[in-house]
Novice: 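Dropping a structure here in structure tokens format, bear with me for questions.
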Amino acid sequence: MTDWTPTRSEGDKIIADFAPRMGRHYTNGRNTDHGSGAHKAVSVLSPYVRRRLVLESDAVAAALAAHGPKDAEKFVQEVIWRGYFKGWLEHRPQVWTSYRTGLEGDLAALDRDRRLRRDVDRAVNGQTGLTCFDAWATELVETGYLHNHARMWFASIWIFTLGLPWRLGADFFYRHLLDGDAASNTLGWRWVAGLHTRGKPYPVDAKNITTFTAGRFAPRGSDLAEVTQGLEATEPHGLPTVTPLRPFMPPQSGCPTGLLITDEDCRVEDFKLAALDIRTTATLAASSLRSPLPVSDLVTWFEAGALADAAMRVGASPVVLQAADPASLAKWAMAAGVTQIVTPYITCGPLRDWLDQAAPSLSAHGITFCEWRRAIGLPDRAADYG
């Protein structure tokens, strides 16, 4: 699928069109990857959910209304996975920090090691000679999407058959996936590698690929490495302990306010905007923060469209900001004479890191950064300040 439209109305249309298939049809067909342009057994809602153009609760409510809890169970479970990963990482931000630090080291090794650079180039350009893997690499780059089963197969082959650093593979996905999310992407790759569920890597199986691509690909068993253990020995201390959610400042009424829209949440109309003295609105393009390497034009295009749609829905003519110099956030606020910036809660990931870098300049100019955090799991309830 390449005909994406990055708007809330398109997300709502996809939900309405797919709702009749959210029950047994989804349960029976969701595992089969029919290839680019033929993903009819899955919803392809993920780029919209990623930016909250569609809420998880919207999708769940549609499935339950159309099919009831029993037949909708598998669809609902798959929707909930994203929330699980987001919450897991939010309570263990050290894992994200470790990923970014490790990626810097892997990229430095890539610069030094010509053979590694050659092998990674072949993998990302679909030139390994393994037909299924090369087709998935090409589909990802051209469309910004891969079927979930293909993502698992791809990651397993990258790590265990090709023997490439897992973080470079995660970075490749993150730079190209329209639904690329710091939590789901990082933890998904760690799961395949046997780091998330310690000692239980995901082994790709040739017969599984043949069956669940409806015979489009038929790799030989000898084409794929036998996976006997994961990469848990590379992290001998295991998983970090759970930490409390970071504190945040809710918006205060009566203060000159700047509304900041990011693609972490493009449904700002769900919040109590009328209670605030909003003097200016800005959209913040931040997809470039996903990686030190260039991010796909398709990803940045989708982000720009989603941000513009979000601003239009609240009747704003926004200032368009780029997440480059962190001090630019304070400059925007100062120019508009606002004393607080308000945005939906920013979870662990590259934008959160950038905002942490922007904090000193905001503080120096007396500007408070405030967030709304959504009430999760209540389809008919708008978010509150807390």
Side-chain angles (χ1 to χ4, degrees), residues 4-11 47-54 144 174-182 251 255-271 273-274 276-347 349-362 364-365 367-372:
W4 302 98
T5 303
T7 64
R8 177 179 176 178
S9 61
E10 179 66 13
Y48 299 86
V49 175
R50 156 68 177 82
R51 293 167 179 82
R52 296 199 180 279
L53 292 165
V54 165
Y174 202 18
R175 288 186 288 117
H176 289 279
L177 283 171
L178 289 177
D179 59 19
D181 173 82
C255 300
T257 300
L259 174 63
L260 182 66
I261 305 174
T262 78
D263 82 339
E264 291 296 305
D265 194 321
C266 289
R267 281 269 292 262
V268 291
E269 66 267 29
D270 289 351
F271 300 96
L273 302 182
L276 299 175
D277 179 15
I278 297 176
R279 306 286 182 87
T280 181
T281 298
T283 58
L284 178 64
S287 287
S288 62
L289 301 176
R290 290 188 182 194
S291 172
L293 298 178
V295 172
S296 162
D297 290 343
L298 190 56
V299 169
T300 56
W301 168 82
F302 195 103
E303 177 195 36
L307 291 174
D309 180 64
M312 180 273 295
R313 280 184 276 108
V314 296
S317 298
V319 175
V320 178
L321 302 176
Q322 300 289 328
D325 178 10
S328 63
L329 202 57
K331 292 177 182 177
W332 160 65
M334 291 167 57
V338 304
T339 59
Q340 72 174 358
I341 296 172
V342 176
T343 197
Y345 186 88
I346 305 297
T347 54
L351 180 54
R352 181 71 257 162
D353 294 344
W354 187 85
L355 290 170
D356 288 343
Q357 295 170 18
S361 60
L362 292 175
H365 293 94
I367 300 164
T368 305
F369 190 84
C370 303
E371 294 169 281
W372 292 291

Novice: Here's a test for you: under salt bridge (charged side-chain N to carboxylate O under 4.0 Å, His left out), which of D263, D181, D265 qualifies with R51?
Specialist: D263

Novice: Would you list the pairs meeting salt bridge (charged side-chain N to carboxylate O under 4.0 Å, His left out) in which at least one residue belongs to residues 279-293, sequence neighbours left out?
Specialist: D277-R279

Novice: Which residues pass the salt bridge (charged side-chain N to carboxylate O under 4.0 Å, His left out) test with D309, sequence neighbours left out?
Specialist: R313

Novice: May I have the list of side-chain donor-acceptor pairs in residues 319-331 shorter than 3.5 Å, sequence neighbours left out?
Specialist:
from: D325; atom 1: OD1; to: A327; atom 2: N; distance (Å): 3.0
from: S328; atom 1: OG; to: D325; atom 2: O; distance (Å): 2.7

Novice: Give a yes or no on whether the backbone of G180 and the side-chain of R50 come within a donor-acceptor separation of less than 3.5 Å.
Specialist: yes

Novice: Of all residues at least two apart in sequence or in a different chain, which pass the ring-ring contact (aromatic ring centres under 6.0 Å, His included) check with Y174?
Specialist: none

Novice: Write down the atom of T347, the atom of E264, and the distance for their closest heavy-atom approach.
Specialist: OG1-OE1, 3.6 Å

Novice: Quick one: which residue pairs count as a salt bridge (charged side-chain N to carboxylate O under 4.0 Å, His left out) with a foot in residues 294-305, not counting sequence neighbours?
Specialist: none

Novice: Taking only residues two or more places apart in sequence or in another chain, which ones pass side-chain hydrogen bond (donor to acceptor under 3.5 Å, both in side chains) with S296?
Specialist: none

Novice: Report the residues that fulfil side-chain hydrogen bond (donor to acceptor under 3.5 Å, both in side chains) with S9, sequence neighbours left out, ordered by chain and then residue number.
Specialist: T7

Novice: Not counting sequence neighbours, which residues clear side-chain hydrogen bond (donor to acceptor under 3.5 Å, both in side chains) with S288? List them please.
Specialist: none

Novice: Show every ring pair (Phe, Tyr, Trp, His ring centres under 6.0 Å) that has at least one partner inside residues 322-346, sequence neighbours left out.
Specialist: F248-Y345

Novice: Which residues pass the side-chain hydrogen bond (donor to acceptor under 3.5 Å, both in side chains) test with T262, sequence neighbours left out?
Specialist: none

Novice: State which residues pass salt bridge (charged side-chain N to carboxylate O under 4.0 Å, His left out) with R352; sequence neighbours excluded, sorted by chain then number.
Specialist: D356, E371

Novice: Applying side chain to side chain contact (heavy atoms under 4.5 Å, CB included), name anything that partners P318, two or more places apart in sequence or on another chain.
Specialist: T281, T283, A311

Novice: Over all heavy atoms of both residues, which pair between T5 and Y48 is shortest? Give the atoms and the distance, please.
Specialist: O-OH, 2.8 Å

